Each structure stands twice: as C-alpha cells, then as structure tokens.
Amino acid sequence: MAHDDVLRWLAAHAPDVPVIVPGASTATVAEAAAALGVEPGRIAKTLAMRVNGEVLLLVTRGDARLDNKKARDSLGGKPRMMDAEETLAVTGHPVGGVCPFGLATNVPVWVDVSLQGFPTVFPAAGCRESSVEIAPQRMAALVARGWVDACVLPPPV
C-alpha cells in the first residue's frame with residue numbers, strides 16, 4: 001500500500017517529519033488546503049510527467065501552474081503529463097496521493113522554486129487522505145536532484 005511505503009520511507013530517512021491524517025480528503029489542492037487549514041500555495045503538489053521521453057516528478061506549490069516555456073528551459077524539453085494509470089505504475093501512489101517519498105521506482109524528482117517562500121509545505125503522503133509537513137529545503141535535500149523554475153504563480157488578488 002502506497003501510504004505504508006511512505007511511512008516506511010519516512011521512518012528510515014526522516015523520522016522527525018510528521019504525517020498528518022486530517023480525517024478529510026487531501027486529494028486536490030483545494031481539499032488539502034481546507035482539511036489542513038492552510039493557503040493553497042502551501043500544498044506541495046507532485047506532478048508526474050515525461051520530458052523527452054524521460055519520466056520525472058516535479059513538486060510545486062498548489063496554486064502554481066506549469067509554464068511551458070519555463071518548464072522547457074528548466075527541464076530540457078516540453079513536459080507531457082502522465083495519465084493516472086502510468087503515474088500509479090511509476091510512483092506507486094494514486095493520483096491525489098502522489099508525493100516524492102516512498103516511490104515505487106527510482107524516478108528523478110525536481111522541486112520548483114515557487115515553494116521556497118514558505119517555512120513549511122504539505123505534500124501528500126501516498127494516499128488521498130494524508131499529508132506531511134516539511135520545510136521545502138529539507139524536502140529537496142531528502143529527495144530532489146535540485147531546484148528548477150518551471151511554474152508561474154497566479155496574479156495577486
């Protein structure tokens with residue numbers, strides 16, 4: 001089970017990182033933000049994609065959008081989002097629970113610079129009902145190949 005894989009991975013690599021099970025769905029950015037009582041930007045969504053045929057994960061803030069030009073420049077090619085079935089096969093996590101921890105395969109992870117403005121962020125924890133709270137720099141140090149600038153933020157309200 002994906003959530004159990006994440007728990008085992010965290011226990012081995014980051015036992016101090018708290019897992020949060022809020023008792024409500026965290027499957028979408030809006031649901032996660034409401035369940036955790038944080039702004040949508042602090043939800044760290046993990047996008048599964050192919051760039052030049054290579055699979056990779058990009059972790060970005062919940063209210064950011066992938067920018068095609070920035071993504072091409074940062075990732076070396078045009079990103080193509082993977083479907084739910086392929087995402088599950090590569091990550092071991094269902095869509096809505098995809099995170100950069102406890103992955104089923106050794107897929108490269110990149111973290112978008114959009115997360116750097118927050119003291120902590122909330123990625124999923126392998127299922128649609130859980131999250132973890134972690135500093136973005138710590139998350140990047142644990143799982144990422146590096147930082148990229150591939151997304152655009154929404155205009156200020």
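On a predicted model such as this, the values are computed, not experimentally measured, just so you know.
Put simply, the side chain of Gln116 does not reach to within 4.5 Å of the side chain of Pro136, judged on heavy atoms.
Here Leu142 contributes atom CG and Ile134 contributes atom CD1; the two are 5.0 Å apart, rounded to the nearest 0.5 Å. Here the straight-line distance linking atom CG of Asp5 with atom SG of Cys99 works out to 9.5 Å at 0.5 Å rounding. Within the model, atoms CG of Asn52 and NZ of Lys78 stand 12.0 Å from one another, a figure rounded to the nearest 0.5 Å. Asp16 contributes atom CG, which lies 4.0 Å from atom CZ of Arg138 (distance to the nearest 0.5 angstrom). The OG atom of Ser130 lies 9.5 Å from the CG atom of Leu36; values are rounded to the nearest 0.5 Å. Between the CG atom of Leu66 and the CG atom of Leu47 there is a distance of 6.5 Å, given to the nearest 0.5 Å.
Residues Gly126 and Pro94 share a closest heavy-atom pair of O-CD, 3.5 Å. Nearest heavy atom pair, residue Met49 against residue Pro79, reads SD-CB, 3.5 Å. Val111 and Leu58 get closest at one heavy-atom pair: C-CD1, 4.3 Å. Considering every non-hydrogen atom in both Val51 and Gly76, the closest pair reads CG1-C, 4.1 Å. In terms of heavy-atom proximity, Val132 sits nearest to Val17 at CB-CG1, 3.9 Å. Across all their heavy atoms, Ala2 and Gly92 have their closest contact at CB-O, 3.0 Å.
When only modelled atom types and interatomic distance are considered, Thr26 and Glu31 share no side-chain donor-acceptor pair under 3.5 Å.
For residues 57-104, the set of pairs meeting the ring-ring contact (aromatic ring centres under 6.0 Å, His included) definition, not counting sequence neighbours, comprises Trp9-Phe101. Within the structure, the salt bridge (Lys or Arg N to Asp or Glu O under 4.0 Å) test picks out the following pairs touching residues 85-103 (sequence neighbours left out): Arg50-Glu86. Among residue pairs with one or both ends in residues 63-72, those qualifying as side-chain hydrogen bond (donor to acceptor under 3.5 Å, both in side chains) are Arg61-Asp63, Lys69-Asp73, Lys70-Asp149; sequence neighbours excluded. Applying the ring-ring contact (aromatic ring centres under 6.0 Å, His included) rule to pairs touching residues 105-138 yields nothing, sequence neighbours excluded.
Residues Val148 and Val109 do not share a hydrophobic cluster, defined by chaining ILVMFWY side chains whose heavy atoms lie under 4.5 Å apart. Clustering ILVMFWY residues whenever any of their side-chain heavy atoms sit less than 4.5 angstrom apart, transitively, puts Leu153 in a cluster other than the one holding Val113. Val98 and Leu75 fall into different hydrophobic clusters, defined by Ile, Leu, Val, Met, Phe, Trp and Tyr side-chain heavy atoms under 4.5 Å apart, directly or through other members. Note: the hydrophobic cluster containing Val19 also contains Val121 (ILVMFWY, side chain heavy atoms under 4.5 Å, direct or indirect links). Residue Val6 is grouped with residue Val143 when hydrophobic side chains (ILVMFWY) are merged at heavy-atom distances under 4.5 angstrom, including chains of intermediate members.
Thr105 contributes a side-chain N or O that, together with a main-chain N or O of Val90, makes up a donor-acceptor pair within less than 3.5 Å. With hydrogens and angles disregarded, a donor-acceptor distance shorter than 3.5 Å links the side chain of Asp112 to the backbone of Cys151.
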side-chain contact (heavy atoms from CB on, under 4.5 Å) evaluation trace for Val59 with Lys45
CA-CA 6 Å; Val59 185; Lys45 65 184 175 185; over 6 Å; no
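For Glu54, the CD atom is loosely surrounded, since the number of other residues' heavy atoms within 6.0 Å does not exceed 12.
Residues that satisfy the salt bridge (Lys or Arg N to Asp or Glu O under 4.0 Å) test with Asp83, not counting sequence neighbours, are absent from this structure. Looking at residues two or more places apart in sequence or on another chain, you find a salt bridge (Lys or Arg N to Asp or Glu O under 4.0 Å) between Arg42 and Glu133.
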